[in-house]
Amino acid sequence: MQRAAHSSPLSAQGYVDDPRNEQVVVYVNGAFVAREAACVSVFDAGFVLGDGIWEGLRLVRGKLISLDAHLDRLFEGAQAIRLDLGRTRDEIRGLLYDTLARNGMTDGVHVRLMVTRGRKKTPNQDPRFVVAGPTIVIIAEYKTPSPESKRRGLALWTSTIRCSPPDMFDMRLNSHSRLNLIQALLQAIDAGADEALMLDPHGFVASCNSTNFFIVRGNELWTSTARYNFNGITRRTILDVARVNGLPALERDFTLAECYSADEAFVTGTLGGVTPVTRIDGRVIGAGEPGSATARIASWYQAAILAE
């Protein structure tokens with residue numbers, strides 16, 4: 001019998017437990033190992049400093065959704081931090097599908113691809129102390145988003161921690177370091193919410209701690225400008241399908257007050273797709289339940305990934 005991994009409170013990252021995950025094998029630097037045996041060195045740059053990048057991917061009917069876009073983001077991030085992946089795009093693609101094949105997986109799977117700068121001679125910041133090539137880890141697990149999150153909608157809480165500009169910490173870089181976002185989530189959890197809503201340095205709404213954020217106002221869909229939020233591939237797909245279906249989709253600055261008075265709100269991510277938001281800072285959004293516009297957008301998104 002399956003049970004929700006997160007039932008109370010809910011989570012944007014919540015999923016349904018699946019006992020098959022206890023038996024998965026994990027790819028670690030050229031070898032497939034049992035889940036319990038999967039490990040990296042204590043001198044690994046990712047463990048020591050969070051020096052690395054990652055991608056989260058979703059397997060649907062035998063295909064990794066938006067794989068080319070994910071590989072684009074991975075290689076762009078690697079170039080930004082001067083990390084030599086030591087593999088071509090086709091080789092990374094092959095490793096992903098090999099991991100899925102080793103586990104006999106064809107659908108309903110979330111994949112985490114992680115690359116760090118590699119093992120170091122000693123734990124310090126200097127990348128010149130790396131003594132081996134990059135560490136590559138691929139974890140594939142059966143994950144179905146929590147149905148309770150979809151049914152009830154999430155509660156958000158606005159964190160005092162702001163999303164940073166690119167010259168401080170680029171939110172568009174999928175870095176292993178996520179401490180600022182975890183701190184924001186801890187504030188939301190302490191307030192009894194499920195996910196943190198975060199503002200940009202100018203006080204406009206930017207992002208959530210692990211997802212991108214949207215509101216519906218009248219006949220328009222709003223999201224932030226992308227200057228201070230994640231470079232979300234699901235976010236991009238939502239904007240595309242909305243525009244294709246005639247719904248004006250705007251990337252613009254907007255305030256918390258405009259969120260409180262929105263008709264509907266939702267968050268997006270690779271695992272959850274489209275997840276409704278029904279409360280922000282204790283205030284009911286719209287009718288206080290997942291709305292028809294959110295459901296319509298979710299159906300467009302689902303059709304798009306099935307068509308892919």
Side-chain angles (χ1 to χ4, degrees), residues 2 5 13-42 44-47 50-79 81 83-119 132-146 173-178 210 230-234 237 269-273 305-306 308:
Q2 294 179 335
Q13 301 171 66
Y15 60 93
V16 177
D17 279 340
D18 193 311
R20 292 176 294 179
N21 289 331
E22 298 303 316
Q23 307 301 320
V24 300
V25 294
V26 177
Y27 176 86
V28 183
N29 256 17
F32 289 97
V33 297
R35 181 188 187 101
E36 298 79 7
C39 61
V40 297
S41 168
V42 295
D44 190 87
F47 177 77
D51 183 3
I53 53 176
W54 60 273
E55 287 294 322
L57 303 101
R58 185 177 172 195
L59 180 71
V60 177
R61 297 184 180 178
K63 179 163 183 174
L64 289 166
I65 299 303
S66 302
L67 178 54
D68 284 335
H70 282 285
L71 291 175
D72 287 345
R73 189 169 65 180
L74 178 75
F75 276 82
E76 183 177 348
Q79 184 175 17
I81 65 171
L83 170 57
D84 182 0
L85 297 177
R87 300 276 188 166
T88 66
R89 285 174 65 101
D90 284 343
E91 287 173 331
I92 294 291
R93 186 191 306 266
L95 291 176
L96 289 164
Y97 278 107
D98 284 349
T99 303
L100 295 167
R102 286 291 186 114
N103 286 288
M105 294 170 163
T106 58
D107 193 31
V109 173
H110 184 266
V111 180
R112 183 82 162 205
L113 165 64
M114 296 166 280
V115 186
T116 75
R117 204 173 296 274
R119 183 167 53 86
T135 299
I136 301 177
V137 175
I138 303 173
I139 301 173
E141 296 177 295
Y142 292 100
K143 283 187 177 178
T144 299
S146 170
L173 179 65
N174 261 15
S175 163
H176 276 206
S177 178
R178 282 290 188 264
S210 69
F230 302 120
N231 178 23
I233 292 168
T234 306
T237 303
T270 298
L271 174 61
I305 63 174
L306 290 178
E308 183 181 326

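Positions are given from 1, in the same order as the sequence printed here. Since the structure is predicted, the reported quantities are computational estimates derived from the model, not experimental observations.
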Scan residues 52-70 for pairs that pass salt bridge (Lys or Arg N to Asp or Glu O under 4.0 Å), counting only residues two or more places apart or in two chains.
Glu55-Arg73, Asp68-Arg89, Asp68-Arg93
Is there a donor-acceptor pair closer than 3.5 Å between any side-chain N or O of Asn21 and the backbone N or O of Tyr142?
yes
Any chance OH of Tyr27 has more than 12 other-residue heavy atoms, nucleotides or ligands included, within less than 6.0 Å?
yes
Donor-acceptor contact present, side-chain Gln13 to main-chain Ser210, <3.5 Å
no
Quick one: pull up OG1 in Thr106 and CG in Leu100 and give me the separation to the nearest 0.5 Å.
9.5 Å
Decide side chain to side chain contact (heavy atoms under 4.5 Å, CB included) for Thr270 and His70; before the verdict, give the C-alpha distance in whole Å, the side-chain angles of both, and the deciding distance to 0.1 Å.
CA-CA 11 Å; Thr270 298; His70 282 285; 4.1 Å; yes
Rounded to the nearest 0.5 Å, what's the gap from CZ on Arg20 to CG on Asp18? Could you check?
4.0 Å
Nearest 0.5 Å, what's the CG-CG distance between Asn174 and Leu74?
9.0 Å
Minimum heavy-atom separation for Val137 and Ile139, please, with both atom names.
CG1-CG1, 4.0 Å
Where is the tightest heavy-atom contact between Ile81 and Arg117, given as atom of each residue plus distance?
O-NH2, 2.9 Å
Short question: side chain of Thr88, backbone of Glu91 - any donor-acceptor pair under 3.5 Å?
yes
How far does OH of Tyr97 sit from CG of Leu67, to the nearest 0.5 angstrom?
5.5 Å
Considering all heavy atoms of both residues, which atom of Ile136 and which atom of Leu85 are nearest to each other, and what is their separation?
CD1-O, 4.0 Å
Run the side chain to side chain contact (heavy atoms under 4.5 Å, CB included) test against Ser175 and tell me which residues pass, sequence neighbours left out.
Phe169, Leu173, Ser177, Arg178
Please determine whether the number of non-hydrogen atoms from other residues, nucleotides or ligands lying under 6.0 Å from atom CD of Glu22 exceeds 12.
yes
Note: Val42 and Phe47 closest approach over all heavy atoms is O-CD2, 3.3 Å
Is it the case that atom CD in Gln79 sees more than 12 heavy atoms from other parts of the structure closer than 6.0 Å?
no
Considering all heavy atoms of both residues, which atom of Pro134 and which atom of Leu83 are nearest to each other, and what is their separation?
CB-CD1, 4.4 Å
Does the side chain to side chain contact (heavy atoms under 4.5 Å, CB included) test come out yes or no for Tyr15 and Thr144, once each step is laid out?
CA-CA 5 Å; Tyr15 60 93; Thr144 299; over 6 Å; no
State the NZ-CG distance between Lys143 and Leu59, to the nearest 0.5 angstrom.
14.0 Å
What donor-acceptor contacts under 3.5 angstrom involve side-chain atoms of residues 109-116, with partners at least two apart or in another chain?
| unit_1 | atom_1 | unit_2 | atom_2 | d |
| --- | --- | --- | --- | --- |
| Thr116 | OG1 | Asp44 | OD1 | 3.2 |
| Thr116 | OG1 | Asp44 | OD2 | 2.8 |
| Thr116 | OG1 | Gly118 | N | 3.2 |

Would you name the heavy atoms of Asn29 and Thr135 that are closest together and state the gap between them?
OD1-CA, 3.3 Å
Kindly compute the distance separating CG (Leu71) from CG (Leu96), expressed to the nearest 0.5 Å.
7.0 Å
As a quick check of understanding, evaluate side chain to side chain contact (heavy atoms under 4.5 Å, CB included) for Ile138 and Val26, giving each step before the final call.
CA-CA 6 Å; Ile138 303 173; Val26 177; over 6 Å; no
